[in-house]
Amino acid sequence: MTRSSARTRWSIAGLVLLFILVLGFTWHSLQRGTLGLSGDTSVIERLTGPQPSLMALFAHMVTGAFVTVLSVVQLAGPIRRRWPRAHRVSGRVLAVTALITGIGGLVYIALSGTVGGIPMSIAFALYGVLMIIAAIQTPRLAMAGDYERHRRWGLRLIVLGLGSWLYRLHYGLWYGTTCSLSDTLCGLAAEPDFSGLFDQINLFAFYLPYLLVLEWWLRRERQGDADRTPYARP
Ligand code: HEM
């Protein structure tokens, strides 16, 4: 087996694993959103505010479920190369659903605030604004034929699309680690009203560090391309 085919196999295995890992949260989001939209009041739980804001949030849960799954699909290089039409169709659905998800979340924050108060409202609103920008830029640049920038914005959209799942994953890992250490440490710095240190850090840690790593990687990639140019074009 050549090195590149081994790498392809590892990346396919990684994507399949990621797909399986996001399924639980995707299902939860789809189900809660659908039940909420159909008028089932039992899924409101701690959510508050006027009916339109609740409907906007339930709609964002349904579209957000698609965003999460399609972010994994769009990452899959083999799908992109073998079925470019499928890549384009799922990319369009991802952009539209991400736009609705961002708008739905922002409507809820504007009308109802959040359970974590002002810090959570600010962090989630910034997340929503970034998602909306990426959902507009990605298809716009593809339509303009600027495929380099389209790819970069597409990757930003994918990172943001996985953010909501990463937010929950961080909590799972935190509780898993602290609770396995001791009963007194279990859930340390995580409070029911999201005022703990871990909660406050996680408000931004589920998307900002990942975006920064992506920007660093894209810059390195561009730097590598620039360094190779004299050899590629003698
Ligand atoms: C990636 C797609 C997204 C998915 C799958 C998703 C899913 C969910 C789900 C299922 C809930 C209810 C809590 C729960 O049952 O865990 C929720 C709450 C919420 N989401 Fe999203 N979401 C996504 C993106 C966004 C974005 C982009 C924003 C920002 C505009 C946002 C803002 C909110 C807000 C404000 C709440 C309510 C927080 C509270 O309890 O006060 N979400 N989301």
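Read the numbers this way: they start at 1 and go in the same order the structure lists the ligands and their atoms. If you're wondering where the values come from, they're calculated on a predicted model, not measured in any experiment.
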Practice task
Answer yes or no: is there a side-chain heavy-atom contact under 4.5 Å between L106 and I132?
Solution key: yes
Problem - Pair E221 + R151, salt bridge at N-O below 4.0 Å - result: yes
Exercise for the section: Flag the pair R32 and E45 as a salt bridge only when some basic side-chain nitrogen lies within less than 4.0 angstrom of an acidic carboxylate oxygen. Expected result: yes
Problem - atom 41 (O) of ligand 1 - nearest protein heavy atom and its distance - result: V115 N, 2.7 Å
Completion exercise
of all protein heavy atoms, closest to atom 28 (C) of ligand 1 is Y127 CD2, 4.0 Å
For ligand 1, indicate whether the residue [X] contacts it via side chain, backbone, both or neither (heavy-atom separation under 4.0 Å).
X	answer
W165	neither
I109	side chain
L47	side chain
T114	both

Problem - Distance in Å, M131 CE paired with R156 CZ, rounded so as to fall on 0.5 Å steps - result: 14.5 Å
Numbering the atoms of ligand 1 from 1, which are under 4.0 Å from a heavy atom of [X]?
X	result
L106	30 (C)
G161	1 (C)
G128	27 (C), 29 (C), 30 (C)
F25	5 (C), 7 (C)

Problem - No-hydrogen, no-angle side-chain donor-acceptor test under 3.5 Å, D40 and S42 - result: yes
Problem - Test item: S11 side-chain N/O and R7 main-chain N/O as donor-acceptor pair under 3.5 Å - result: yes
Practice task
Give a yes or no answer on whether the side chain of T138 reaches the backbone of W153 with a donor-acceptor pair at less than 3.5 Å.
Solution key: yes
Exercise for the section: Take atom CZ of F66 as the centre, draw a 6.0 Å sphere, and report whether it contains more than 12 heavy atoms from other residues, nucleotides or ligands. Expected result: no
Exercise for the section: With T97 as reference, evaluate T63, T68, V69 under the side chain to side chain contact (heavy atoms under 4.5 Å, CB included) test and give the passing residue. Expected result: T63
Exercise for the section: Kindly write out the residues that satisfy side chain to side chain contact (heavy atoms under 4.5 Å, CB included) with F198, not counting sequence neighbours, or none if the list is empty. Expected result: H170, Y171, W174, A189, A190, N202
Handout entry: Residue pair L75 / R80: nearest heavy atoms and the distance that separates them
Key = O-NH1, 3.9 Å
Handout entry: Nearest heavy atoms of M120 and V115, plus distance in Å
Key = SD-CG1, 4.0 Å
Practice task
From atom 11 (C) of ligand 1, work out which of R32, E45, R168 has a heavy atom at the shortest distance.
Solution key: R168
Exercise for the section: Sum up the protein N, O or S atoms located under 2.8 Å from atom 21 (Fe) of ligand 1. Expected result: 1
Practice task
For G102 and ligand 1, answer yes if some heavy atom of the residue is under 4.0 Å from a ligand atom, otherwise no.
Solution key: yes
